[in-house]
Amino acid sequence: MSNEGFNRAKPVVGRFAPSPTGRMHAGNVFAALTAWLVAKSQGGRIVLRIEDLDRERSKPAFADAVRRDFETLGLTWDEGPYFQHDRDEAYRAAFESLKQRGLVYPCFCTRADLHAASAPHRGEKPVYPGTCRALTDAERALRAQTRTPAQRLIVPDATVAFDDLVQGPYAQNLARDCGDFLVRRSDSAFAYQLAVVVDDAAQGVNSVVRGVDLLCSTPQQMHLQTLLGLPRPSYAHIPLITSERDRRLSKRDRDASLDALLARFKTPASVIGHIAGLTGLAPTCDPATPEELLASFDVTALPGTLKDLVQINWQ
Ligand code: GLU
């Protein structure tokens with residue numbers, strides 16, 4: 001595969017985009033470390049964005065903890081932190097622009113909110129069958145008396161294809177593989193897909209590195225970028241670190257949480273070195289700071305290192 005994508009845009013602006021819903025775990029550290037190495041090895045910068053759209057699950061204490069965790073690990077950022085809770089006006093402007101073009105409709109389905117404000121991870125995304133798309137104005141008015149609707153974007157029967165810098169070519173037919181997707185929840189919070197594209201554009205992010213569980217969200221985000229006239233970053237979706245029985249790590253996996261990692265490995269450099277060695281970012285698991293890893297990191301070798309790793313078992 002061509003590696004041109006890694007050098008396509010200068011200066012490179014990458015991002016850390018943690019959701020403050022728990023302490024970081026090894027998978028979050030791997031994603032942040034990779035994003036940092038990809039940006040820094042190209043002379044780029046890192047933006048820190050706290051993705052606290054989900055007001056119920058996000059806690060200020062976790063937002064503080066995540067910043068301390070990055071600092072402890074030597075994962076520095078150059079700009080931010082930006083908070084999604086400050087960005088409602090920007091999301092509203094994007095939403096209104098879609099609405100004015102008749103691309104949005106109210107959805108009264110009761111399961112509509114399930115994955116709207118949090119990033120939907122692979123295997124969890126149902127294809128919306130379009131139930132509320134063709135309701136008449138009268139039906140909408142009637143239903144609105146008993147339920148505040150969510151808002152969905154009408155997607156065309158069109159394929160979005162792109163070259164992921166790690167996974168290679170990827171394509172999705174929006175109507176068949178995804179369906180009309182939420183841009184706003186019934187509690188009026190804007191949905192993850194909308195917020196993330198508005199933020200990436202506003203913050204100048206042109207290099208997105210994140211877990212492969214978000215690969216299936218990328219065509220939706222690209223479709224929104226096209227509709228909103230926003231630039232398209234490069235995307236690199238990296239393998240997930242999984243715990244026992246191939247389950248992806250979650251913030252509930254205590255043994256891979258940063259506190260547990262620091263207790264087990266004693267120093268931040270040992271944690272970074274272990275994760276780098278385990279995932280192939282470094283040839284050994286020897287302790288190393290991100291700065292030290294940078295010296296031997298070759299961004300063009302990243303696809304070769306990570307491409308065929310579907311997942312990495314945490315050890
Ligand atoms: N905030 C998301 C997460 O922590 C990441 C979203 C993204 O990288 O686009 O899972």
Side-chain angles (χ1 to χ4, degrees), residues 13-36 38-39 46-59 62-63 65-67 69-70 75 77 80-87 91 114-125 162 164-167 170 181-183 185 189-225 230-242 247-253 256-258:
V13 182
R15 39 96 149 169
F16 300 154
S19 300
T21 55
R23 290 297 298 276
M24 290 220 281
H25 58 63
N28 304 134
V29 177
F30 172 45
L33 175 62
T34 312
W36 190 92
V38 165
I46 289 282
V47 170
L48 172 59
R49 177 168 77 233
I50 306 290
E51 300 211 319
D52 56 357
L53 270 184
D54 190 334
R55 305 266 159 101
E56 264 174 37
R57 292 177 61 224
S58 301
K59 303 271 180 282
F62 289 133
V66 92
R67 276 184 284 176
D69 291 344
F70 283 137
L75 292 167
W77 61 94
Y82 297 110
F83 289 84
Q84 288 189 323
H85 72 239
D86 288 334
R87 303 266 307 138
Y91 307 148
L114 282 181
H115 300 296
S118 51
H121 295 279
R122 184 168 54 180
E124 294 175 0
K125 191 176 75 168
F162 70 103
D164 187 85
L165 295 179
V166 170
Q167 305 297 327
Y170 183 76
F181 61 89
L182 289 171
V183 283
R185 306 194 320 178
F190 293 99
Y192 160 75
Q193 308 291 8
L194 181 81
V196 83
V197 300
V198 169
D199 283 345
D200 280 339
Q203 293 153 12
V205 171
N206 55 26
S207 161
V208 173
V209 177
R210 59 187 177 191
V212 73
D213 51 339
L214 289 169
L215 181 63
C216 66
S217 283
T218 306
Q220 283 154 264
Q221 294 175 16
M222 290 178 164
H223 181 57
L224 281 170
Q225 285 154 355
L230 302 175
R232 185 189 274 199
S234 66
Y235 289 88
H237 286 89
I238 63 175
L240 298 181
I241 299 188
T242 54
R247 211 164 35 79
R248 76 184 173 87
L249 281 187
S250 86
K251 288 180 173 139
R252 289 180 294 273
D253 285 298
S257 78
L258 196 58

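For ligands, and for the atoms within them, numbers begin at 1 and follow the listed sequence.
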Which heavy atom of Val205 sits nearest to which heavy atom of Val208, and what is that distance?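 Heavy-atom minimum between the residues: CG1-CG2, 4.0 Å.
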Can a donor-acceptor pair be found between the side chains of Asp199 and Tyr91 at a distance below 3.5 Å?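 Yes, because at least one side-chain N or O of Asp199 sits under 3.5 Å from a partner of the opposite role on Tyr91.
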Which of the ligand 1 atoms, numbered from 1, are nearer than 4.0 Å to a heavy atom of [X]:
X      : result
Val196 : 9 (O)
Tyr192 : 6 (C), 7 (C), 9 (O)
Glu51  : 1 (N), 2 (C), 5 (C), 6 (C)
Ser19  : 1 (N), 2 (C), 3 (C), 4 (O)

Donor-acceptor pair, distance only, cut-off 3.5 Å: does the side chain of Asp52 make one with the backbone of Ser58?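 Side chain of Asp52 to backbone of Ser58: no pair is present.
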Tell me whether Gln167 contacts the main-chain N or O of His237 through its side chain, where contact means a donor paired with an acceptor under 3.5 Å.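 Such a contact is found between Gln167 side chain and His237 backbone.
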Measuring from Phe83:CZ to Leu48:CG, what's the distance to the nearest 0.5 Å?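 One gets 7.5 Å once the value is rounded to the nearest 0.5 Å.
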Would Leu214 count as a polar contact of ligand 1, with the cut-off being nitrogen or oxygen pairs under 3.5 Å?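 N/O-N/O distance under 3.5 Å: no.
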Judging by distance only, is a nitrogen or oxygen of Arg210 under 3.5 angstrom from one on ligand 1?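 There is such a contact, yes.
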So which of Arg15, Gln84, Met24 gets nearest to atom 7 (C) of ligand 1, if we judge by its closest heavy atom?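 Minimum heavy-atom distance to atom 7 (C) of ligand 1 goes to Arg15.
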Aromatic plane relationship, Tyr170 with Phe162 - under 30° parallel, 30 to 60° tilted, over 60° perpendicular: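 The rings of Phe162 and Tyr170 stand perpendicular, inter-plane angle above 60°.
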